[in-house]
Structure formats: C-alpha cells, structure tokens
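Down below is the structure, laid out as structure tokens.
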2 protein chains.
Amino acid sequence: MNGENNFFKSAFSVDNVIFGFDEGDLKVLLIKRGNEPYKGLWALPGDLVYPNEDLDTAAYRVLEELTGIKNVYLEQVHTFGAVDRHPLGRVITIAYYSLVKISDFTPKAASFAQNVEWHIVDTAIKSKLAFDHNIILQTCFNALTHRVRIRPVGFELLPPKFTLTELQHLYESLLREELDKRNFRKKILSMSLLIDLNELQEGVPHRPAKLYQFNKERYQQLEAQGFSFEVKESKKKEKKQRLAALILQ
Amino acid sequence: MNGENNFFKSAFSVDNVIFGFDEGDLKVLLIKRGNEPYKGLWALPGDLVYPNEDLDTAAYRVLEELTGIKNVYLEQVHTFGAVDRHPLGRVITIAYYSLVKISDFTPKAASFAQNVEWHIVDTAIKSKLAFDHNIILQTCFNALTHRVRIRPVGFELLPPKFTLTELQHLYESLLREELDKRNFRKKILSMSLLIDLNELQEGVPHRPAKLYQFNKERYQQLEAQGFSFEVKESKKKEKKQRLAALILQ
DNA sequence: CGAGGTTAGCGTAGTTCTTACACCTAATTT
DNA sequence: AAATTAGGTGTAAGAACTACGCTAACCTCG
C-alpha cells in the first residue's frame with residue numbers, strides 16, 4: 001500500500017481564524033457553507049492551497065477574497081491533520097489567525113459561501129461548526145490570549161486613533177480579567193509605545209478622552225532589542241494558586 | 001490548471017528537531033542522507049506521512065525508528081510549505097521538536113540514512129543542511145528558547161536524578177545567559193517542583209551535591225491552574241534597553 | 001443656563017519580587 | 001595535613017506591582 005504514488009493522494013488547505021473587536025466583544029468571522037460537506041453549517045473561511053502557491057500566500061488570498069483587505073497581521077498557528085478530519089479525502093489544514101478592525105470593511109460572501117458574518121467568539125466555540133473547526137477556533141483563541149501578553153497584537157484590533165479606555169477594554173476582553181485604570185495607564189504610557197495626538201474624542205455625551213496612536217517604529221526598535229511586551233495584573237492570583245498548591249501538598 | 005485532481009498531487013512530511021543536552025552543550029540529532037536529493041548532506045530526521053497516519057503519530061514514528069525511544073516530549077512548531085522547498089515535487093513539512101536525554105539511548109541509522117550523529121546546535125545552524133532544514137532548525141531553536149521560559153521543558157533534558165548545579169547549567173545554556181547560583185536555587189526550590197531525594201552524588205572529586213527529581217504530578221497540578229513557569233534574570237537588561245530606547249527618541 | 005449625569009485623568013503608600021553579593025563546608029587528591 | 005573543587009546558604013537595597021478615591025471636563029435635559 002505504500003507505493004510512492006499513494007503519498008501524493010492528499011491535499012492541504014489553509015483556514016483563517018479572523019478575530020475582530022467591536023462594541024466590547026471579541027468576534028470571529030465565519031462563513032455559512034454553501035456546498036457539501038457540512039452544507040449550511042458555519043465554518044472558518046479557508047481554501048485548498050494551489051499547487052504553485054506558498055502557504056502564507058494562500059492564507060492572505062483567502063483573507064483578501066473574503067474581506068477585500070490586505071496588509072494585516074496574519075500568523076500561522078498550528079496544522080491539523082487527523083486522518084478522518086475531512087470526509088472526502090486526506091486533507092490537512094494549516095490554521096492561521098488574524099486580527100482586523102471590524103469597522104475597516106464589510107465582508108462579502110465569496111463563491112464558496114452563502115453568507116459571511118461576525119460571531120461572538122464564546123458563542124461560536126460552543127456551537128457546532130463544520131469539520132474540526134471547533135478545535136481549530138479554540139486553539140487559535142488560546143494562541144491569541146497567549147500572544148497578547150507578549151506582543152502588542154491588541155493594537156491591530158483598534159482604529160488608528162483610540163482612547164486609553166478603549167485600549168483597556170480590549171485588553172480586558174482578551175485577557176478575561178479586569179484591570180485597574182490607573183495602573184493600566186501608567187504601564188502603557190511608560191512603554192512609550194503610544195503617540196499622544198493632542199486630539200480629543202468628539203460627539204460623546206461626557207468628557208472627551210484624548211486620542212492616541214500606536215507607535216509602530218518604536219515597537220520595532222524595542223522588539224529588535226529583545227524587549228518583551230507584557231500587560232497583566234495577575235500576579236496576585238498566581239500567588240494564591242501557588243499557595244493553594246503548597247497546602248495541597 | 002485547477003482541476004480538483006491537481007490539488008491532490010502533493011505530499012506532506014514531518015521533520016523532527018531532536019534536542020539533547022550533553023557536557024554543557026545543546027545538541028541536535030542529524031542524519032547523513034543516503035539518497036538523493038541532497039545525498040551526503042546532513043538533514044533533520046523526517047519522513048513522508050502515511051496516507052492513513054495522523055501527523056503526531058508520524059512524528060513519533062520517525063523519532064522511534066531513529067532512536068528507539070518513546071514517551072518523550074514532542075511538540076509541533078511550524079509548517080513549512082514554500083513551493084520549491086523540495087526538488088522532487090510539492091511537499092510541505094510539519095516540523096516538530098523534541099527534547100531527550102542523550103545518555104538514554106544510542107541512535108541507530110535507519111534505512112534512509114548513512115549515519116546519525118549529535119551535532120552542536122550552533123555549528124549545525126551555520127553549516128549547510130539539506131532542503132530548508134537550516135530555517136527549520138533555527139525556527140525550532142527559537143521556539144525552544146522561548147518555551148523554556150514558560151514551561152519546565154528543561155527537565156526533560158536531564159537524567160532522572162540531577163543536581164541543582166546541573167539544572168542551572170542547562171538553563172544557562174538554553175537561555176544563553178549566566179544565572180546567579182543563590183537566586184536560581186531560591187526560585188526553583190520555591191516552586192516546589194523538585195523532590196529532594198536525600199541522596200548524594202558519588203564519585204565526584206569534591207563535595208557531593210544533593211540529588212533531586214522533577215515532580216511531574218505537582219507540575220501538572222500547577223499547570224491546570226494556569227501557573228506560569230519562569231526562569232529568567234534579565235529584567236535589568238530590559239530596563240536598560242527601555243531606557244536606551246527612550247533616549248533615542 | 002444651571003443641575004445632574006457620565007467618563008477622563010491623576011498620585012501615593014504598602015507590599016512583594018528581584019537583584020547583587022561573599023564566605024564557610026564537605027568531600028577528594030596529593 | 002594542605003590544597004583543590006564544587007556545594008550550600010542569607011540579607012539588604014532597589015524595582016515593580018497593587019490597591020485605592022477624588023476632582024475635572026464635557027454633554028444633556030429640564
């Protein structure tokens with residue numbers, strides 16, 4: 001059974017987990033499948049990789065076909081290759097994740113989809129998705145919550161001009177923990193990764209906040225020097241856990 | 001050109017980056033290729049994935065065929081799929097890395113290899129390897145140095161009974177930075193992840209050290225509670241860098 | 001136009017964590 | 001018994017983290 005040719009009866013695809021942030025909720029872009037298998041179920045946008053196409057290129061293509069946007073943060077997370085994950089043959093899939101600003105574009109249904117919609121991540125993970133997409137979504141979500149502590153990926157999810165409170169809310173929803181306003185501001189500002197635009201919010205029914213911009217150049221400088229970005233306030237919890245573990249002894 | 005069948009004229013392989021630790025050096029297991037392409041060059045051990053075989057299974061199979069060992073730490077890192085990475089066709093490869101104790105076994109050359117040897121990582125990265133294995137090795141090495149800060153992967157590289165100094169040397173070589181003996185011991189012991197065996201080293205020409213064992217159960221407990229393992233002493237450097245960056249402004 | 005409502009923005013003190021640092025001890029070798 | 005080698009231990013200064021509450025600025029509605 002292991003003639004060389006058998007090895008070449010397989011295919012690979014990319015699947016994109018596209019996260020967006022909107023009105024305080026972390027969302028993911030899903031398509032409703034228009035074809036069998038899993039017709040009518042929600043799925044991650046993905047496609048087979050063309051024979052002469054690099055993996056990253058394929059991932060960008062899928063994202064662009066679906067949303068019309070380019071030049072976004074896109075990163076490989078994990079490859080899923082269970083033998084029976086695709087009902088029509090041996091297809092392994094390389095999962096990417098991406099972070100976009102929901103306000104930047106309106107996704108349009110591609111040929112292979114009936115419908116495209118933003119879904120709240122928590123809900124989507126719990127509902128039944130096509131293929132093994134529940135696991136893929138969960139894995140990418142874990143990767144996101146982990147990486148957000150290391151790199152300022154969060155800035156990708158906000159409009160170019162944002163307020164500190166918006167930034168804090170974003171982090172709170174990514175980290176799933178409440179942050180102290182003053183400590184958060186102190187920490188973020190001390191990194192000098194934000195540019196104060198000397199502009200104010202407009203049209204809000206309260207005191208308007210200052211607008212900031214992410215300083216990408218500065219970040220790249222720091223990154224090159226091994227700088228590690230960290231936003232968290234969970235030391236206390238860890239300590240409690242450690243203590244609990246000691247008592248368990 | 002995009003008939004469905006074209007998509008299935010591709011194959012995938014796994015490649016293992018097997019790290020070992022020995023006499024103060026971090027090493028990687030390489031094979032000398034016995035067949036074309038790249039005959040005679042050193043390469044990472046890997047193989048095509050069987051049509052009815054899961055990816056992880058394939059990685060474990062390659063490791064076992066080559067070294068005879070099972071039950072080791074093995075983890076997927078990244079998938080490489082440049083169109084021209086394999087001269088004979090479209091083959092993407094899923095890279096895994098693994099950590100083993102060099103003393104535990106003697107690798108034996110498999111059918112597809114002339115020779116199997118441990119190479120010092122620094123040297124191997126610089127020399128010319130088969131395929132895109134230089135990039136794969138570099139990527140896995142980066143992943144290792146990153147993950148070693150988060151999980152106690154280092155323990156996998158030591159014999160079951162080890163001294164604190166051995167553990168410290170291991171971390172120093174993984175992190176590429178010198179650690180303070182007293183601070184290192186304080187930190188490691190405060191995690192209560194080690195079991196004091198109440199045994200002493202034997203046959204050493206100096207005061208013998210206590211032997212310890214890694215407490216795997218405790219670690220799994222802590223991990224389940226979201227405990228994060230960290231061994232580093234580089235805050236000072238970061239601070240200097242941050243300062244330098246501010247001055248650059 | 002004034003009162004009430006809403007979010008912005010700011011500083012400090014207590015605590016914990018991190019770092020730097022030096023000497024004596026226990027075993028072996030000569 | 002003297003020399004060699006690595007093992008093992010504590011403390012003090014500085015940095016980072018956490019908790020916490022009030023005034024300021026703007027809008028809206030009556």
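Letters go in sequence order (proteins before strands), and every chain restarts at 1.
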Please tabulate, for side-chain N and O atoms in residues 200-208 of chain B, each donor-acceptor pair with protein atoms closer than 3.5 Å (sequence neighbours left out).
unit_1, atom_1, unit_2, atom_2, d
B:Gln201, OE1, B:Ala209, N, 3.0

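Remark: B:Asp196 pairs with B:Asn198, B:Lys210, B:Tyr212 by the side chain to side chain contact (heavy atoms under 4.5 Å, CB included) rule, at least two apart or across chains.
Computed from coordinates, the B:Leu179 CG to C:dC21 P distance equals 15 Å when rounded to whole Å. Remark: C1' of D:dA6 and CD of B:Gln168 are 12 Å apart, rounded to the nearest angstrom. Distance, B:Glu202 CD to D:dG7 P: 16 Å, rounded to whole Å. As rounded to whole Å, 12 Å separates atom C1' of D:dT18 from atom CD of A:Glu177. One atom, CG of B:Leu167, and another, P of D:dG7, lie 12 Å apart when rounded to the nearest Å. As a whole-Å value, the separation of B:Leu211 CG from D:dG8 C1' is 15 Å.
The backbone N or O of B:Gly46 sits nowhere less than 3.5 Å from a side-chain atom of B:Asn16 that would complete a donor-acceptor pair.
A ring-centre distance under 6.0 Å is not found for A:His169 and A:Tyr171.
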Any N/O pairs under 3.5 Å between the protein and nucleotides 8-12 of chain C? List them or say none.
unit_1, atom_1, unit_2, atom_2, d
C:dA8, OP1, A:Thr165, OG1, 2.7
C:dA8, OP2, A:Thr165, OG1, 3.1
C:dA8, N3, A:Arg207, NH1, 3.0
C:dG9, OP1, A:Lys210, N, 2.9
C:dG9, OP2, A:Arg185, NH1, 3.1
C:dG9, N7, A:Lys181, NZ, 3.0
C:dG9, O6, A:Lys181, NZ, 3.1
C:dG11, O6, A:Arg182, NE, 3.4
C:dG11, N1, A:Arg182, NH1, 3.3
C:dT12, O4, A:Lys186, NZ, 2.9

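With salt bridges taken as basic N to acidic carboxylate O contacts below 4.0 Å, none links A:Lys186 and A:Asp180.
The two residues A:Leu55 and A:Val14 have their closest heavy-atom pair at O-CG1, 3.9 Å.
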